[in-house]
Amino acid sequence: MSTIYRPQSIVILTGAGISAESGIKTFRASDGLWEEHRIEDVATPEGFVRDPGLVNRFYNERRQPIIEQSVGANAAHIALAKLEREFSGSLLVVTQNIDNLHEQAGSKNVLHMHGEILKMRCTQTHKIHDCSADIESESKCECCQMAGTLRPHIVWFGETPLYMDEIYAALSSCDLFIAIGTSGNVYPAAGFVQAASQAGAYCIEINLEDSQVSDYFDEHIIGKAGETVPMWVEEVLSA
Ligand code: BJW
């Protein structure tokens with residue numbers, strides 16, 4: 001980390017790349033989830049209406065290793081949790097990931113803007129419930145007592161991401177924004193760097209390669225999150 005500082009207020013955006021070294025597939029890699037599944041089928045509300053069984057299976061399969069805890073937080077998640085504990089200013093993690101690896105590592109101030117795999121939602125009452133087992137088309141909802149009303153608590157394409165007011169408020173007042181392991185293909189998350197930059201924040205990108213929005217960052221750290229994030233955290237804490 002070369003430029004300013006002692007930051008007072010940090011916003012950290014994470015994407016699938018931060019969980020890759022934990023063994024969770026990213027979306028757009030050559031062996032990623034979108035190579036095996038059509039987005040329109042599994043990640044849109046229309047796909048869910050057309051074939052809820054297919055969509056439930058897609059998320060049931062991805063939920064299983066999280067429930068079994070056969071995937072765990074890696075050095076990058078652990079370093080960010082340490083930063084939250086030891087940093088004297090304010091810190092918010094905004095994650096696009098639906099896994100719980102930030103929480104497993106001990107992070108508390110985390111917003112899941114694309115939902116959470118360990119939650120489900122009733123399409124009748126809009127109540128959110130914990131989800132620690134498969135959702136089946138015939139699963140009965142505990143709030144409306146009907147079958148077939150539950151869906152994964154996930155933000156699909158065309159749906160509004162969660163916590164947008166809190167996120168934009170934090171972006172408008174942070175002095176350091178860092179994006180870790182996200183390709184910059186999906187909005188509004190891909191636009192956060194511009195919002196933070198316009199508000200005067202110094203912006204850092206950590207990734208294996210340039211993203212779609214790399215040009216908007218002041219600094220690039222190229223490398224695996226599990227190696228680069230712990231080093232960056234130590235630099236911030238010793239500044
Ligand atoms: C490593 C690494 C290692 C690997 N270390 N790095 C035209 C223009 C602009 C926008 C639109 C448009 N047409 C439509 C839109 C909107 C649309 C959109 O953005 N579409 C684009 C495809 C163009 N967006 C939406 O519909 C969103 N809603 C919306 O906009 O509502 C309107 C609104 C906005 C604001 C306020 C109010 C209203 C909803 C988006 C929902 C996204 N959902 C998904 C799936 C659900 C979750 C799930 O199933 O898990 O979310 S899509 C998928 O992509 C998932 C991810 O969260 C998201 C981002 O992916 P991510 O994390 O970047 O992963 P990858 O695989 O792309 O990249 C991984 C990166 O890691 C790579 O760069 C690697 O190099 C790197 N990496 N290993 C470091 N070890």
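One-based numbering, in listed order, for ligands and for the atoms of each.
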Got a sec, which pairs hit ring-ring contact (aromatic ring centres under 6.0 Å, His included) with one end in residues 20-44, sequence neighbours left out?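 Qualifying pairs, neighbours excluded: F27-W34, H37-F58.
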Give a yes or no on this: more than 12 heavy atoms of other residues, nucleotides or ligands lie within 6.0 Å of atom OH of Y216.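 Open: at most 12 neighbouring heavy atoms sit under 6.0 Å from OH of Y216.
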Check whether more than 12 heavy atoms from other residues, nucleotides or ligands sit under 6.0 Å from atom CG of D215, and answer yes or no.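 No.
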Determine the interplanar angle of the Y59 and W156 rings, folded into 0 to 90°, and report it as parallel if under 30°, tilted if 30 to 60°, perpendicular if over 60°.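 The rings of Y59 and W156 sit tilted, inter-plane angle from 30° to 60°.
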Point-to-point distance, once rounded to the nearest 0.5 Å, from CG of D99 to NE2 of H77: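 Atom-to-atom, D99:CG and H77:NE2 are 5.5 Å apart.
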Less than 4.0 Å between a side-chain N and a carboxylate O, is that true for E234 and K82?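 The answer is yes: the pair qualifies as a salt bridge.
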Could you go through ligand 1 and list every pair where one of its N or O atoms sits under 3.5 Å from a protein N or O, giving the atom names and the distance to one decimal?
{"residue": "ligand 1", "atom": "5 (N)", "partner": "A225", "partner atom": "N", "Å": "2.9"}
{"residue": "ligand 1", "atom": "19 (O)", "partner": "Y187", "partner atom": "N", "Å": "2.7"}
{"residue": "ligand 1", "atom": "19 (O)", "partner": "Y187", "partner atom": "O", "Å": "3.4"}
{"residue": "ligand 1", "atom": "24 (N)", "partner": "Y187", "partner atom": "O", "Å": "3.0"}
{"residue": "ligand 1", "atom": "26 (O)", "partner": "G158", "partner atom": "N", "Å": "2.8"}
{"residue": "ligand 1", "atom": "28 (N)", "partner": "E159", "partner atom": "O", "Å": "2.7"}
{"residue": "ligand 1", "atom": "31 (O)", "partner": "E159", "partner atom": "O", "Å": "3.3"}
{"residue": "ligand 1", "atom": "43 (N)", "partner": "V155", "partner atom": "O", "Å": "3.1"}
{"residue": "ligand 1", "atom": "49 (O)", "partner": "Y59", "partner atom": "OH", "Å": "2.7"}
{"residue": "ligand 1", "atom": "49 (O)", "partner": "R62", "partner atom": "NH1", "Å": "2.9"}
{"residue": "ligand 1", "atom": "50 (O)", "partner": "R62", "partner atom": "NH2", "Å": "2.7"}
{"residue": "ligand 1", "atom": "51 (O)", "partner": "H114", "partner atom": "ND1", "Å": "3.3"}
{"residue": "ligand 1", "atom": "54 (O)", "partner": "R28", "partner atom": "NH1", "Å": "3.2"}
{"residue": "ligand 1", "atom": "54 (O)", "partner": "R28", "partner atom": "NH2", "Å": "3.3"}
{"residue": "ligand 1", "atom": "57 (O)", "partner": "Q96", "partner atom": "O", "Å": "3.1"}
{"residue": "ligand 1", "atom": "57 (O)", "partner": "H114", "partner atom": "ND1", "Å": "2.8"}
{"residue": "ligand 1", "atom": "60 (O)", "partner": "R28", "partner atom": "NH1", "Å": "3.1"}
{"residue": "ligand 1", "atom": "62 (O)", "partner": "A16", "partner atom": "N", "Å": "2.8"}
{"residue": "ligand 1", "atom": "63 (O)", "partner": "T182", "partner atom": "OG1", "Å": "2.8"}
{"residue": "ligand 1", "atom": "63 (O)", "partner": "S183", "partner atom": "N", "Å": "2.9"}
{"residue": "ligand 1", "atom": "63 (O)", "partner": "S183", "partner atom": "OG", "Å": "3.4"}
{"residue": "ligand 1", "atom": "66 (O)", "partner": "F27", "partner atom": "N", "Å": "2.8"}
{"residue": "ligand 1", "atom": "66 (O)", "partner": "R28", "partner atom": "N", "Å": "2.9"}
{"residue": "ligand 1", "atom": "67 (O)", "partner": "R28", "partner atom": "NH1", "Å": "2.7"}
{"residue": "ligand 1", "atom": "67 (O)", "partner": "S183", "partner atom": "OG", "Å": "2.6"}
{"residue": "ligand 1", "atom": "71 (O)", "partner": "G181", "partner atom": "O", "Å": "3.2"}
{"residue": "ligand 1", "atom": "73 (O)", "partner": "N207", "partner atom": "OD1", "Å": "3.4"}
{"residue": "ligand 1", "atom": "73 (O)", "partner": "N207", "partner atom": "ND2", "Å": "3.0"}
{"residue": "ligand 1", "atom": "75 (O)", "partner": "N207", "partner atom": "OD1", "Å": "2.7"}
{"residue": "ligand 1", "atom": "80 (N)", "partner": "E21", "partner atom": "OE2", "Å": "2.8"}

